[in-house]
**Student:** 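Provided herewith is a single structure, encoded as structure tokens, for subsequent inquiry.
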Amino acid sequence: MKKEDNFSEWYNEIVELANLTDKRYPIKGMNVWTPYGWKIMLHIDSYIRKEFDATGHDEVCFPLLIPETEFQKEKDHIKGFDTEVYWVTQAGANPLDIRLLLRPTSETAMYPIFALWVRSHTDLPLKTYQIVNTFRYETKMTRAFIRVREIHFFESHTCHVDEADAQRQVEENFAILEKVMKPLCLPYLLLKRTDWDKFPGAYYTVGIDTNLPDGRSLQLGSIHHYRENFSRPFDIKYEDLQGDLKYVHQTTFGMSERLVGAIVGVHGDDKGLVLPPEVAPYQIVIVPILAKGIVEEVTLQAREVKDELATAGLRIKLDDRDVRPGSKFYDWEIKGVPLRLEIGSRDIKQGVVTYARRDSGEKGTVKRTDLVRKVTDILRSISDDLNEKANKNLADSIETIENLDTLPNKIVRFGWCGSEDCGHEFENRTELKLLGTPYVKESFRGDCIICGADTDTAAYAAKAM
RNA sequence: GGGGCUGUGGGGUAACUUGGCUAUCCUUGUAGCUUCGGGAGCUAUAGAUUCCGGUUCAAAUCCGGGCAGCCCCA
């Protein structure tokens, strides 16, 4: 299956063949996490936990069900979500007096409790996060990891004494994001969403977008500054040094299982998945090359190599299935294992192990005595190369345009005066989604692509996945 | 919200128009033997007509409904 020719079909086929997910669960958009896919997700979660714990966030876990009365407190928020929430209207045989909804995100579950937790300025900043499943009734076509109705979701929620401290949190989130994305080898753009596209209830929203091979953008997450938009309706107040009651300023940061979809889409090739070593369930697979008379010897060597690498902390699989080596090669290539080691009589005679890199296809040998050091080097090199390749790929997929005559099949960058009218007209005429303007200001000088007004602001747009 | 289409072993399918014999083929699973440096061969074996109801001597096939999925339009 060719990735470039038909990305959509390629994607569906690869997640199926690599056994990342089981789509046969009989509810649309609710798929089963297979052991292999779930291991990848858990590795991603572990990087998220590591970075948020390191910056003083505490992991919490709030209930799945939210009373309708809490959900309705913030007006924009409910307007943004009410067409896509699942409702629980009955318990046993009895209709509920107050309907309950399955969280589409947890603001309205957490903030009534935050109001109880926060009493004084000494309680701030309150920095929490949780990794839970959320539910959104998607009406568009669903797609494994990318558009699902039950979403494996990360969300941080913080409360601060004032807008400046909340802004500091937003900046910290960008630093965290950079650290989390490095091992996933995913490049991204930070684009401040337009006012009409920001998160329901937010003061502003920064979208985290990456690119897919067919010129589409894929949103990987978002970082929001809420100001007092939620603390007022949820009455989250603290007493400051002067004894005055003040509303907290809040931020959130959300990401989801889409990160798995992005890894598939960004790194995969015609042979299947290509997993970054840091998230791969198995970083190395050993394929013993058996032959009559040397079965014991090769098997023994393979086990020794396995133990040695496992002791060094590497995740390793010894494939001792009774099938031909070639068949194993194809299997593990589809599954994206970063490095394959082969051990046969030839290798044993020469005191080496043969390796093959999944990302580049490069093959070679390493000395048996040097094994751990060399293998570690190769894995690091694979990670570096994947990062570099993906970065270049994102840079190449952005094109600055001066008019709408011929639109490239890419993420486009263009002058925008910032007015809502021009923004809407751009979207209507191009059928692209206006993703927003760079969070970190880029130097730009040009004309608004719609009204022609002089502007120093570049906007980005793309077909959104 | 409106309209159209589909449902056959784990996956992909044939038979459906015009009802009829043991439901086809590929793949996968299991067991054994021979194999093993890029998808092995042979043998044996397992596995399906979405659910409920109707028509009929007879239903995968025709009719009604449920459930699930896909597509198009708004």
**Student:** Taking atom types as they are modelled, would you say the side chain of A/Glu333 forms a donor-acceptor pair with the base of B/G39 within the 3.5 Å cutoff?
**Tutor:**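 No, the side chain and the base share no sub-3.5 Å donor-acceptor pair.
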
**Student:** Considering Watson-Crick and G-U wobble pairs with both distances under 3.5 Å, what does B/G1 pair with?
**Tutor:**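 B/C73 - that is the nucleotide pairing with B/G1, both distances being under 3.5 Å.
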
**Student:** Using the C1' atom on both, measure B/G53 against B/A59 and round to a whole Å.
**Tutor:**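 Comparing C1' positions in B/G53 and B/A59 gives a spacing of 13 Å.
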
**Student:** For A/Lys328 and B/G37, give me the distance from atom NZ to atom C1', rounded to whole Å.
**Tutor:**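 Rounded to whole Å, this separation is 12 Å.
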
**Student:** Any donor-acceptor pair under 3.5 Å joining the side chain of A/Arg24 to the base of B/G69?
**Tutor:**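 No.
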
**Student:** In whole Å, what is the span from the CG atom of A/Asp270 to the P atom of B/G38?
**Tutor:**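 In whole Å, B/G38 P and A/Asp270 CG are 21 Å from each other.
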
**Student:** How many whole angstroms separate atom CD1 of A/Ile348 from atom C1' of B/G37?
**Tutor:**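 So the CD1-C1' distance, A/Ile348 to B/G37, works out to 13 Å.
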
**Student:** What contact category does A/Val323 fall into here, base, sugar-phosphate, or nothing, at under 4.0 angstrom with non-hydrogen atoms?
**Tutor:**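 Base, at least one base heavy atom under 4.0 Å.
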
**Student:** Using Watson-Crick or G-U wobble geometry with both distances below 3.5 Å, tell me the partner of B/C25, or none.
**Tutor:**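 Paired with B/C25, as far as the under-3.5 Å criterion goes, is B/G12.
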
**Student:** So A/Phe81 and A/Pro200, do their side chains get closer than 4.5 Å, heavy atoms only?
**Tutor:**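 Yes. Closest side-chain heavy atoms under 4.5 Å.
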
**Student:** So among A/Glu74, A/Lys73, A/Lys75, which one has a side chain to side chain contact (heavy atoms under 4.5 Å, CB included) with A/His77?
**Tutor:**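 Running side chain to side chain contact (heavy atoms under 4.5 Å, CB included) over A/Glu74, A/Lys73, A/Lys75 with A/His77 returns exactly one hit, A/Glu74.
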
**Student:** Take the protein atom CG of A/Asp22 and the nucleotide atom C1' of B/G69, then report the distance between them rounded to whole Å.
**Tutor:**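 About 15 Å, once rounded to whole Å.
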
**Student:** Would you check, one step at a time, whether the test salt bridge (charged side-chain N to carboxylate O under 4.0 Å, His left out) holds for A/Glu427 with A/Lys433?
**Tutor:** CA-CA 6 Å; A/Glu427 289 191 318; A/Lys433 180 180 159 58; 5.4 Å; no

**Student:** Between A/Arg324 and B/A40, does any side-chain N or O lie under 4.0 Å from OP1 or OP2?
**Tutor:**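 Yes.
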
**Student:** Measuring from the side chain of A/Asp331 (C-beta onward, heavy atoms only), which nucleotide among B/C36, B/G39, B/G37 has the closest atom?
**Tutor:**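 Nearest to the side-chain atoms of A/Asp331, counting from C-beta on, is B/G39.
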
**Student:** Roughly how many Å apart are B/G39 and B/G2, using the C1' atom of each and rounding to a whole number?
**Tutor:**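 My reading of the C1' atoms in B/G2 and B/G39 gives 49 Å.
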
**Student:** Taking the P atom of each, how far is B/U56 from B/C73, in whole Å?
**Tutor:**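 Between the two P atoms, the distance is 43 Å.
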
**Student:** For the side chain of A/Asp322, counting heavy atoms from C-beta on, which of B/G37, B/G69, B/U35 is nearest?
**Tutor:**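 Between B/G37, B/G69, B/U35, the one nearest the side chain of A/Asp322 would be B/U35.
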
**Student:** For the side chain of A/Lys292, starting at C-beta, report the closest nucleotide among B/U34, B/G38, B/G39.
**Tutor:**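 For the A/Lys292 side chain, the nearest candidate turns out to be B/U34.
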
**Student:** With rounding to whole Å, what would you report as the distance between B/U45 and B/G12 at their P atoms?
**Tutor:**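 Each nucleotide's P atom is 27 Å from the other's.
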
**Student:** Mind calculating the distance between CD1 (A/Ile334) and C1' (B/G11) to the nearest angstrom?
**Tutor:**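 Computing the A/Ile334:CD1 to B/G11:C1' distance gives 14 Å.
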
**Student:** Looking across every strand, which nucleic acid part, if any, lies under 4.0 Å from A/Arg321 by heavy atom: base, sugar-phosphate, or nothing?
**Tutor:**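 If one applies the 4.0 Å heavy-atom cut-off, A/Arg321 turns out to touch nothing in the nucleic acid.
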
**Student:** To the side chain of A/Tyr330, which of B/G39, B/C36, B/G37 is closest?
**Tutor:**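 Selected nucleotide: B/G39.
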
**Student:** Phosphate oxygens OP1/OP2 of B/G38: is one of them under 4.0 Å from a side-chain N or O of A/Lys271?
**Tutor:**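 No, no such contact exists.
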
**Student:** Under the criterion salt bridge (charged side-chain N to carboxylate O under 4.0 Å, His left out), I'd like the reasoning laid out for A/Glu425 against A/Arg429: C-alpha separation, chi angles, the key distance, then a yes or no.
**Tutor:** CA-CA 6 Å; A/Glu425 186 168 345; A/Arg429 277 169 59 180; 3.0 Å; yes

**Student:** What about the rings of A/His157 and A/Phe253, do their centers lie closer together than 6.0 Å?
**Tutor:**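 A/His157 vs A/Phe253: aromatic centres not under 6.0 Å.
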
**Student:** Would you indicate what A/Lys23 reaches in the nucleic acid, counting non-hydrogen atoms under 4.0 angstrom: base, sugar-phosphate, or nothing?
**Tutor:**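 No contact.
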
**Student:** Would you say that A/Thr105 contacts A/Glu155 through its side chain, given a criterion of any heavy-atom pair below 4.5 Å between the two side chains?
**Tutor:**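 A side-chain contact exists here, since the closest heavy-atom pair is under 4.5 Å.
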
**Student:** Provide the distance between the two P atoms, one in B/C51 and one in B/U8, to the nearest whole Å.
**Tutor:**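 The same atom, P, in both gives a distance of 11 Å.
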
**Student:** Checking A/His267 against A/Asp359: is there a side-chain donor and acceptor pair closer than 3.5 Å?
**Tutor:**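 On atom types as modelled, these side chains do not qualify, holding no pair under 3.5 Å.
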
**Student:** Closer to the 5' end of RNA chain B via nearest nucleotide, is it A/Pro288 or A/Tyr25?
**Tutor:**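 Final value for this comparison: A/Pro288.
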
**Student:** At less than 3.5 Å, do the side-chain atoms of A/Ser327 and the base atoms of B/G38 form a donor-acceptor pair?
**Tutor:**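 In this structure, the two groups form no donor-acceptor pair.
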
**Student:** Between B/G37, B/G69, B/G38, which nucleotide has the shortest distance from any of its atoms to the side chain of A/Lys363?
**Tutor:**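 Within the option list, the nearest is B/G38.
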
**Student:** Rounded to the nearest Å, what distance is computed from the CD1 atom of residue A/Ile294 to the P atom of nucleotide B/G37?
**Tutor:**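 After rounding, the reported distance stands at 11 Å.
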
**Student:** Can you tell me the distance, in whole Å, between the CG atom of A/Leu341 and the C1' atom of B/G37?
**Tutor:**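 Atom CG in A/Leu341 sits about 14 Å away from atom C1' in B/G37.
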
**Student:** Mind calculating the distance between CG (A/Leu17) and P (B/G39) to the nearest angstrom?
**Tutor:**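 Atom-to-atom, A/Leu17 to B/G39, this comes out as 18 Å.
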
**Student:** Considering only atom C1', compute the distance from B/A60 to B/G20 and round it to an integer number of Å.
**Tutor:**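 B/A60 and B/G20 have their C1' atoms separated by 13 Å.
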
**Student:** Go through it in stages, so that I can follow the logic: the residues are A/Glu84 and A/Arg149, the test is salt bridge (charged side-chain N to carboxylate O under 4.0 Å, His left out), and I'd like the CA-CA distance, side-chain angles, deciding distance and then a yes or no.
**Tutor:** CA-CA 9 Å; A/Glu84 55 181 77; A/Arg149 289 176 170 180; over 6 Å; no

**Student:** Considering only the C1' atoms, how many Å lie between B/C70 and B/U43, rounded to the nearest integer?
**Tutor:**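 To the nearest whole Å, 42 Å.
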
**Student:** Could you tell me how far B/C63 sits from B/U17 if I compare only their P atoms? Round to whole Å.
**Tutor:**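 These two P atoms come out 10 Å apart once rounded.
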
**Student:** With both distances under 3.5 Å as the test, what is the Watson-Crick or G-U wobble partner of B/A44?
**Tutor:**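 Result: B/U30.
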
**Student:** Let me know, please, whether A/Glu16 or A/Val295 comes out on the 5' side of the other along RNA chain B by nearest nucleotide.
**Tutor:**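 Upstream on the strand: A/Glu16.
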
**Student:** Scan every strand shown for a Watson-Crick or G-U wobble partner of B/G38, both distances under 3.5 Å, and answer none if you come up empty.
**Tutor:**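 Because no pair has both required distances under 3.5 Å, B/G38 counts as unpaired.
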
**Student:** Looking at B/U17, which nucleotide sits across from it as a Watson-Crick or G-U wobble partner, both distances under 3.5 angstrom, or is there none?
**Tutor:**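 Its partner: none found.
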
